[in-house]
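Just so you know, these numbers come straight off a predicted model, no measurement behind them. Residue numbers begin at 1 in each chain, while the letters A, B, ... track the order of the sequences.
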Protein chains: 2
Amino acid sequence: MISQKAQYAFRALLALARLDDDEVSMISDIASSQNIPKKFLEQILLDLKRHGIVQSRRGKMGGYLLLKGANEITFGEVLRIIDGPIAPLPCLSKMAYRKCDGCDDEEACEIRKVFAKVTDATRKILDNTTIADAIADPEKADIPLIA
Amino acid sequence: MISQKAQYAFRALLALARLDDDEVSMISDIASSQNIPKKFLEQILLDLKRHGIVQSRRGKMGGYLLLKGANEITFGEVLRIIDGPIAPLPCLSKMAYRKCDGCDDEEACEIRKVFAKVTDATRKILDNTTIADAIADPEKADIPLIA
DNA sequence: ACTAACACTACTAAATAGATAGAGATTAAG
DNA sequence: CTTAATCTCTATCTATTTAGTAGTGTTAGT
């Protein structure tokens, strides 16, 4: 399961992606429209800001907006920021590789082989689906990415 | 990430699958050969037993062995027993469906659509890979399951 | 200056993960 | 039939993570 926090992050980003150009959205507006606890959302957006996904304007008339284009923000990228590694085993993670406890021979590990397939399949989807794709026409989203 | 417990379960099952017919393996042997805390493994095997995956013999000369054939035990099945639902969102789980908090229209949810693909891909792999497959010749394991 | 907005840090409660402890039940062997 | 080996079961424990709350600080528009 992905965390509640990650779900909130996706909801917020989808909301921001639907804004018109140069329009901003306040934390409290996103919080109420997306059913997210305001103070929690604050932290999430701040985190996304630090990672270069969104930007903010302070003071009156301030708010949040995307920094990158919606078509440049992948689900994988966001999930890694909020929830950490996508790989189901530490030994399969690119961003946080670690040998599994008590595993001597990684190359021979049968468990690793099976979950390597899962990881590949998951990455192919999440790293090739952007916020823009998700908002776009559902029919289009089903067209294979690799022609 | 799958839990440490699930990793232990897989290691134990792979070890049991490598036994000769009618041979049994003691918890302590599996624990020491697979680097698993013994008392923890006890609980895991008991759980697998209750779910009809392994069987046990008590008393002297006792131990554990598989109940089902290694070619009938899928990774998905084991993972569901130990870690619970495979789906990354509650609204995508078959075994433990639940509406996501604050989600009104499930059919329209863009997040759900993206993660539905992840879930399908993951299930295809985990529900079609058995303990026997994992132990078998690695070349064979790469042959697509659906011809 | 006032006020509306984001920024930051710290704290907390509940759940989960990863065990550990110890008494009980069963069985083989002497 | 007693002993020792082995699985069975329930309870407990600690650390970490999750999900959130609180409060103070900073910035910007009017």
Tell me which one of B:L19, B:I27, B:L13, B:V24 satisfies side-chain contact (heavy atoms from CB on, under 4.5 Å) with B:Y64. B:I27
Can B:L46 and B:R50 be said to form a side-chain contact (heavy atoms from CB on, under 4.5 Å), step by step? CA-CA 6 Å; B:L46 202 47; B:R50 292 191 177 121; 3.8 Å; yes
Evaluate the ring planes of B:F75 and A:F115, with Trp represented by its six-membered ring, and classify them as parallel (under 30°), tilted (30 to 60°) or perpendicular (over 60°). perpendicular
Tell me, which of residues 1-23 of chain B have any heavy atom that sits under 4.0 Å from an atom in DNA chain D? none
Walk me through whether B:D127 and B:R80 qualify under side-chain contact (heavy atoms from CB on, under 4.5 Å). CA-CA 10 Å; B:D127 290 338; B:R80 286 187 188 90; 2.9 Å; yes
Heavy-atom pair with the smallest gap, counting every atom of A:A87 and A:R123: CB-NH2, 4.2 Å
Within the side chain of A:D133, is there an N or O that forms a donor-acceptor pair under 3.5 Å with the backbone of A:T130? yes
Do any of residues 82-106 of chain A sit with a heavy atom less than 4.0 Å from DNA chain C, and if so which? none
Using a 4.5 Å cut-off on heavy atoms from C-beta on, say whether the side chain of A:N35 contacts that of B:D101. no
So does B:S56 get a side-chain nitrogen or oxygen closer than 4.0 Å to the phosphate oxygens (OP1/OP2) of D:dT8? yes
What class does the angle between the rings of A:F40 and A:Y8 fall in, given that below 30° is parallel, 30 to 60° is tilted and above 60° is perpendicular? perpendicular
What pairs meet the salt bridge (charged side-chain N to carboxylate O under 4.0 Å, His left out) rule with one or both residues in residues 22-45 of chain B, with sequence neighbours excluded? B:K39-B:E42
Any side-chain heavy-atom pair of A:K99 and A:Y97 under 4.5 Å: yes
I would like to know whether B:L67 and B:L48 meet side-chain contact (heavy atoms from CB on, under 4.5 Å); could you show each step before the answer? CA-CA 10 Å; B:L67 176 56; B:L48 292 175; over 6 Å; no
Stem ranges for DNA chain C, with three or more consecutive Watson-Crick or G-U pairs under 3.5 Å? C:1-30 with D:1-30
Under the salt bridge (charged side-chain N to carboxylate O under 4.0 Å, His left out) criterion, do A:E106 and A:R112 qualify, and how do the steps go? CA-CA 7 Å; A:E106 205 163 83; A:R112 186 174 197 267; 3.6 Å; yes
Polar atoms only, N or O, under 3.5 Å: list the protein pairs with nucleotides 25-27 of chain C and their distances.
unit_1, atom_1, unit_2, atom_2, d
C:dA25, O3', B:R58, NH2, 3.4
C:dT26, O4', B:R58, NE, 3.2
C:dT26, O4', B:R58, NH2, 3.0
C:dT27, O2, B:K60, N, 3.4

Of residues 36-47 of chain A, the positions that come close to DNA chain C - non-hydrogen atoms, cut-off under 4.0 Å: A:K39, A:E42, A:Q43, A:L46
Grab the CD1-C1' distance between A:I27 and C:dA4 for me, whole Å please. 12 Å
The test is side-chain contact (heavy atoms from CB on, under 4.5 Å); show your working for A:L126 and A:T74 and say whether it passes. CA-CA 7 Å; A:L126 296 181; A:T74 68; over 6 Å; no
Residues A:Q7 and B:I111: closest non-hydrogen pair is O-CD1, 3.9 Å
Do A:D83 side-chain atoms and A:L79 backbone N/O form a donor-acceptor pair below 3.5 Å? no
